[in-house]
Structure formats: C-alpha cells, structure tokens
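Take a look at the structure below.
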Amino acid sequence: MKLRPSESNVTEDQELFMGVKVRRKASLHRDYLGDYLDVPSHPYLMKILEKQGDRKVLFADKVLKFTGSGKMKRRILLITDFAIYIVDPDTGALKRRIALAAVEKLCLSELSDNFVAIIIPTEYDVLIASTRKTEIVTVLVDATKSASNYELDVLLSNRFEYNAAANLVKEVQFEEVEGGVKTKFVRK
C-alpha cells in the first residue's frame with residue numbers, strides 16, 4: 001500500500017496508516033467482520049450481485065454518502081472482489097456500480113474522522129462517512145491488488161479535492177478542534 005502523507009515523515013515499518021493518521025482507540029484493535037449486514041439474508045442484495053456476476057462480498061455496511069448538493073444520504077456500501085456497489089436501503093435499488101479497476105486512489109484526512117473519498121477519474125467521485133473507514137480502506141486496497149496487481153494509492157491530507165458531480169469540484173478541509181474534528185466543504 002502506498003501511503004502518501006501530506007506533511008509528515010514516517011518509516012515503512014509502522015502500522016497500516018504508518019503513524020500518519022490519528023486513530024481512535026477503538027479502531028486499533030477492532031476485529032474485521034466484513035459483512036455487517038448478512039448479505040445472503042437479503043434477497044434484493046443477492047439479486048443485484050448475481051445480476052452483475054459477483055458472488056464474493058468482502059465488505060457490506062450502511063454508510064452516509066454525500067451528494068453533489070451536499071446532502072447526506074443513507075446507503076449500503078458493498079465491496080466485492082470486482083466492484084463497489086452503492087445501494088439505496090429504502091428502495092433496494094442499485095444506485096451505482098464502480099469497477100475496482102476504475103478507482104485511482106482513496107483520500108482521507110490525517111485526523112480521526114469518518115470520511116473517505118473514493119477517486120474515480122473516469123466518473124464523478126464518491127465521498128462517504130463510516131465508522132468502519134479503516135476496514136473499508138484496507139478491503140479496497142487488498143481487493144484492488146488481488147484483482148489487478150495494481151496498488152491503490154491512499155492519500156492522507158487535511159484537505160483534498162473530489163469531483164462531487166460531473167462539473168462540480170469540492171474541497172474538504174479538516175481541522176482539529178477541541179473535542180473533535182471540524183469538517184468544511186468548499187466549492188471550487
């Protein structure tokens with residue numbers, strides 16, 4: 001995994017986020033379950049995966065997805081060995097399928113927040129929030145490496161840009177404040 005810290009020097013033998021990312025104590029020793037939704041017990045999710053030819057679920061959980069207009073929507077995030085799926089939990093509709101090969105990099109802050117941006121150069125990007133961000137990043141990096149022998153970049157910076165929609169670039173800025181992290185979205 002290639003981690004690129006924004007303004008830090010780290011050594012290669014440090015843990016997954018190489019001492020660059022502030023981690024919550026609970027995330028350091030958490031067991032990864034992968035499927036937090038028991039996908040096989042949800043026929044509509046199995047139907048979506050089978051229609052696309054995917055069988056192996058590496059990760060499944062509910063997340064918050066940020067729309068181009070800045071709204072938060074509850075979504076189901078499924079990661080298989082070939083693709084990322086974003087499903088509406090209320091309607092059961094597949095909102096988006098992204099081939100792992102299309103993902104260029106992941107962007108995260110250096111602070112302890114729940115945000116991760118999935119950067120897809122050929123389409124608009126995905127910004128989500130999840131308490132299982134570490135597991136999502138780990139699964140995406142491992143799945144991409146297994147599927148294509150390509151090592152996904154993980155960029156750690158307290159400000160990064162993402163394409164929120166076809167013609168809309170936003171910058172996410174993170175700032176450590178007393179009691180937590182302040183997050184600001186700026187239209188570019």
Side-chain angles (χ1 to χ4, degrees), residues 1-4 14-18 20-21 23-24 26-66 72-109 112-156 160 162-163:
M1 177 186 315
K2 293 184 230 162
L3 294 175
R4 295 187 306 188
Q14 290 174 309
E15 61 114 28
L16 177 67
F17 290 101
M18 295 171 50
V20 178
K21 177 127 181 85
R23 303 280 306 280
R24 292 186 182 95
S27 77
L28 289 173
H29 305 290
R30 179 183 288 167
D31 289 332
Y32 292 165
L33 298 178
D35 183 357
Y36 295 91
L37 302 177
D38 189 20
V39 171
S41 72
H42 298 284
Y44 74 98
L45 293 176
M46 292 303 295
K47 186 176 180 182
I48 289 169
L49 294 174
E50 287 168 8
K51 186 175 182 180
Q52 298 294 330
D54 276 337
R55 305 228 184 289
K56 187 175 183 184
V57 175
L58 304 175
F59 182 86
D61 198 12
K62 291 183 178 173
V63 298
L64 288 176
K65 181 195 165 294
F66 293 81
M72 292 185 293
K73 301 224 175 199
R74 293 196 184 283
R75 294 290 183 249
I76 292 173
L77 176 70
L78 299 173
I79 303 171
T80 70
D81 44 350
F82 295 108
I84 300 166
Y85 293 82
I86 298 175
V87 179
D88 185 328
D90 298 325
T91 65
L94 174 63
K95 292 299 199 177
R96 191 163 175 202
R97 181 184 188 273
I98 305 155
L100 289 179
V103 178
E104 178 185 288
K105 64 184 171 187
L106 304 174
C107 294
L108 300 88
S109 81
S112 61
D113 57 80
N114 294 329
F115 292 91
V116 60
I118 303 169
I119 308 301
I120 306 120
T122 57
E123 308 173 32
Y124 62 95
D125 302 325
V126 178
L127 180 66
I128 59 171
S130 170
T131 57
R132 295 190 171 95
K133 177 178 64 175
T134 303
E135 185 172 358
I136 291 168
V137 170
T138 303
V139 167
L140 283 171
V141 168
D142 290 348
T144 303
K145 196 170 189 177
S146 294
S148 63
N149 215 15
Y150 166 73
E151 202 155 322
L152 194 60
D153 279 343
V154 178
L155 178 64
L156 296 163
F160 56 79
Y162 75 102
N163 292 311

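For the single chain, residues carry numbers from 1 onward in sequence order. All values reported here derive from a predicted model rather than from experimental measurement.
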Looking at D125 and R96, what are the two nearest heavy atoms and their distance?
O-NH1, 3.7 Å

Which heavy atom in F160 sits nearest to a heavy atom in A117, and how many Å separate them?
CE1-CB, 3.5 Å

Could you walk me through whether Y85 and L49 pass the side chain to side chain contact (heavy atoms under 4.5 Å, CB included) test, one step at a time?
CA-CA 9 Å; Y85 293 82; L49 294 174; 3.6 Å; yes

Side chain of E50, backbone of R55: donor and acceptor closer than 3.5 Å?
no

May I ask you to test the L100-L140 pair for a side-chain heavy-atom distance under 4.5 Å?
yes

Locate the shortest heavy-atom distance separating A129 from F66; write the atom from each residue and the value.
CB-CE1, 3.9 Å

Are the side chains of D35 and P40 in touch, meaning some heavy atoms are under 4.5 Å apart?
yes

Taking NZ, NE, NH1 and NH2 as the nitrogens, is one of them in D54 or R97 under 4.0 Å from a carboxylate oxygen of the other?
yes

Passes side chain to side chain contact (heavy atoms under 4.5 Å, CB included), K95 versus R75? Steps please.
CA-CA 9 Å; K95 292 299 199 177; R75 294 290 183 249; 3.8 Å; yes

Between Y124 and Y162, does the ring centroid distance fall short of 6.0 Å?
no

Inter-residue atom distance L108.CG - L155.CG, 0.5 Å rounding
8.5 Å

K133 with D113: basic N within carboxylate O range, under 4.0 Å:
yes

For a quick test of reading the model, state the closest non-hydrogen atom pair linking N114 to T131 and the distance between them.
OD1-CA, 3.9 Å

Value for NZ (K56) from CD1 (I79), rounded to nearest 0.5 Å, stands at 13.5 Å

Write down the atom of P121, the atom of A102, and the distance for their closest heavy-atom approach.
CD-O, 3.4 Å

Find out whether V103 and T144 are in side-chain contact, i.e. whether some heavy atom of one side chain is under 4.5 Å from a heavy atom of the other.
no

Have a look at I76 and tell me which of V39, V87, I48, L94 forms a side chain to side chain contact (heavy atoms under 4.5 Å, CB included) with it.
V87

Is there a side chain to side chain contact (heavy atoms under 4.5 Å, CB included) between K62 and L37 once you walk through the steps?
CA-CA 8 Å; K62 291 183 178 173; L37 302 177; 4.1 Å; yes

Hey, are E104 and Y150 close enough side-chain-wise for a donor-acceptor pair under 3.5 Å?
no

Separation between OG of S130 and CG of L64, rounded to the nearest 0.5 Å
8.5 Å

How many angstroms lie between CG in D90 and CZ in R74, if you round to the nearest 0.5 Å?
9.0 Å

Working to the nearest 0.5 Å, report the span between CD of E151 and NZ of K145.
4.0 Å

Which value, rounded to the nearest 0.5 Å, describes the distance between L78 atom CG and T80 atom OG1?
8.5 Å

Taking NZ, NE, NH1 and NH2 as the nitrogens, is one of them in D61 or R132 under 4.0 Å from a carboxylate oxygen of the other?
yes

Would you name the heavy atoms of I118 and I120 that are closest together and state the gap between them?
O-CD1, 3.5 Å

Is there side-chain contact between I136 and I128, with at least one heavy-atom pair below 4.5 Å?
yes

Would you check, one step at a time, whether the test side chain to side chain contact (heavy atoms under 4.5 Å, CB included) holds for V154 with V137?
CA-CA 8 Å; V154 178; V137 170; 4.1 Å; yes

